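Just so we're clear, the structure is a prediction, and the values are computed from it rather than from any experiment. Each chain gets a letter, A, B and so on, in the order its sequence line appears, and its residues count up from 1. Side chains included, hydrogens not; waters and symmetry mates left out as well; all remaining heavy atoms used.
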2 protein chains.
Amino acid sequence: MDVKTVCLGMLTDGTASGYDLNKTFESSFGHCFAAGYGSIYPALASLAECGCVSCEEIQQDGKPDRKVYRITDKGREQLLAELDNPAPSHKVRSEFLATMAFAHLMTPAQVQTVLNSRIRDADENLQFIDEFESGFDHDAPAGVRFTLGFGRAMLHAMKDYVEENRHMFDSDEIQKTVAR
Amino acid sequence: MDVKTVCLGMLTDGTASGYDLNKTFESSFGHCFAAGYGSIYPALASLAECGCVSCEEIQQDGKPDRKVYRITDKGREQLLAELDNPAPSHKVRSEFLATMAFAHLMTPAQVQTVLNSRIRDADENLQFIDEFESGFDHDAPAGVRFTLGFGRAMLHAMKDYVEENRHMFDSDEIQKTVAR
DNA sequence: GACTTTATATATCGAACTGATACTATACAT
DNA sequence: ATGTATAGTATCAGTTCGATATATAAAGTC
């Protein structure tokens, strides 16, 4: 499951340009599977080359041409094959946690700043999910609702954990730990 | 904060070879910041080139030579500068969630298999954290305890969410949703 | 005794991905 | 006037991922 596969999946919902797919990556998939133009355009080119999508160029006045992609039968087949993976991965890459692992090399003030920014980031993402969800005009498929709820649950757990454990880095707590 | 920086941080705890660092990445950092030989060896080479670490080759009989790396003053300085980032990122890349977003293209059996594997994976990771934590002979720094607790909290939240929401994909629920 | 796995240790390589940048053109604010 | 947002394409250097190669010894298994 790479960017190509996710693009294929998005195209089952109708035709789209690279620009359109980028917006979908930012909104629906931003919290769980990010991708930018640097991945999307090469993915579409590669999918077109192997016959998984077809491409129609639409001229526009003033703006650059739109390249509208459509999934083919071969593309559908390949998508279903890749969705058949019984154990898809779930990976975290956290500069935040890597930083916290070295908290003893930082000042207490630096650590608290990092913790504050993490809570702020979680709040922003929660708000983003709420706004995105309330913007549905029609019912979203169960899968999408599931992923949004998942994101919300993880962000709440993150906030709770940080708030309940940040005292570990209070200056007086550090004194106690060193004294032990 | 990239693999280079994390390697520098690990080297504040004493000298180590690439092989040693790989083990640390697998154990302490596996759940939040993964890296393999393909990142570690180039990182060490690059750190040696810019004078952030020094390298001593130790001959061994039978086994290949050990290249033992030590952090330099310049390396310490650079590490502190990189730890100063007030808003380090926390990113998720989830083939699992990307798959679930397309659950409507899969059979109910396939979806349940994927959910089962996610719960199994969470359980394995929880067990791993427990074993790793109980293996501490001396007290780990607060930062490391924080990251392990964080991982545990997120894994519990993940399990709970999946267990409480998997009914969304029961065949009878799908009937209801379609009928609405 | 033969075979396989695990541990020790190095390193590379292609494919994929990230984040930034470049180019063009409207439109709407400040 | 100048900045920012929207619409649209695309590339590129640097990083990272995952697999693979090479070599030896110890330990477990059939």
Dump the intermediate steps for salt bridge (charged side-chain N to carboxylate O under 4.0 Å, His left out) on A/Arg152 and A/Glu133, then the final yes or no.
CA-CA 11 Å; A/Arg152 195 181 281 126; A/Glu133 208 168 32; 2.3 Å; yes
Sub-4.0 Å heavy-atom contacts from residues 10-32 of chain B onto DNA chain D, ordered by number
none
Rounding to an integer number of Å, can you tell me how far B/Glu57 CD sits from C/dT10 C1'?
10 Å
Without decimals, in angstroms, what is the distance between B/Met1 CE and D/dT16 P?
12 Å
For the aromatic rings, using the six-membered ring if either is Trp, is the centroid distance between A/Tyr37 and A/Tyr41 under 6.0 Å?
yes
Using a 3.5 Å distance criterion without hydrogens, assess whether the side chain of A/Asp20 forms a donor-acceptor pair with backbone atoms of A/Ser17.
yes
For the helix from C/dG1-D/dC30 to C/dT30-D/dA1, what is the angle between the axes at its two ends, each from 5 pairs, rounded to 10°?
40°
How is B/Ala43 classified with respect to the nucleic acid when contacts are heavy atoms under 4.0 Å: base, sugar-phosphate, or nothing?
nothing
Where the side chain of B/Arg93 is defined as all heavy atoms beyond and including C-beta, which of C/dC17, D/dT11, C/dA11 is the nearest nucleotide?
C/dC17
From the candidates D/dT9, C/dA9, C/dA16, the one with an atom nearest any side-chain atom of A/Asp2 is C/dA16
May I ask you to check whether A/His156 and B/Tyr161 place their ring centres under 6.0 Å from each other?
no
Which of parallel (below 30°), tilted (30 to 60°) and perpendicular (above 60°) describes B/Phe150 and B/Phe146?
tilted
Take the angle between the ring planes of A/Phe102 and A/His104 and call it parallel below 30°, perpendicular above 60°, tilted in between.
tilted
Distance, rounded to the nearest Å, where B/Ile40 contributes CD1 and D/dG18 contributes C1':
13 Å
Answer yes or no: does a side-chain N or O of B/Tyr41 lie under 4.0 Å from OP1 or OP2 of C/dT10?
yes
What's B/Gly36 touching, base or sugar-phosphate or nothing? Going by heavy atoms closer than 4.0 Å.
nothing
If I take atom CD1 in residue B/Ile58 and atom P in nucleotide C/dA9, what distance separates them, rounded to the nearest angstrom?
10 Å
Return the value, rounded to whole Å, for the distance between atom CD of A/Glu56 and atom P of D/dT9.
13 Å
Is the shortest side-chain N/O distance from A/Tyr37 to OP1 or OP2 of D/dT9 below 4.0 Å?
no
If only side-chain N and O atoms of B/Ser39 are considered, is one of them under 4.0 Å from the OP1 or OP2 phosphate oxygen of D/dT15?
no
With a cut-off of less than 4.0 Å, is there a side-chain N or O of B/Lys91 near OP1 or OP2 of C/dG19?
yes
Check whether any side-chain N or O of A/Asn125 sits under 3.5 Å from a backbone N or O of A/Asp121 as a donor-acceptor pair, and report yes or no.
yes
Can you tell me if B/Asn116 uses its side chain to pair, donor with acceptor, with the backbone of B/Gln112 under 3.5 Å?
yes
Within the structure provided, determine whether B/Val114 and B/Met106 are in side-chain contact (heavy-atom separation under 4.5 Å).
yes
Nearest heavy atom decides the nucleotide; on that basis, is A/Ala34 or B/Val68 closer to the 5' end of DNA chain C?
B/Val68
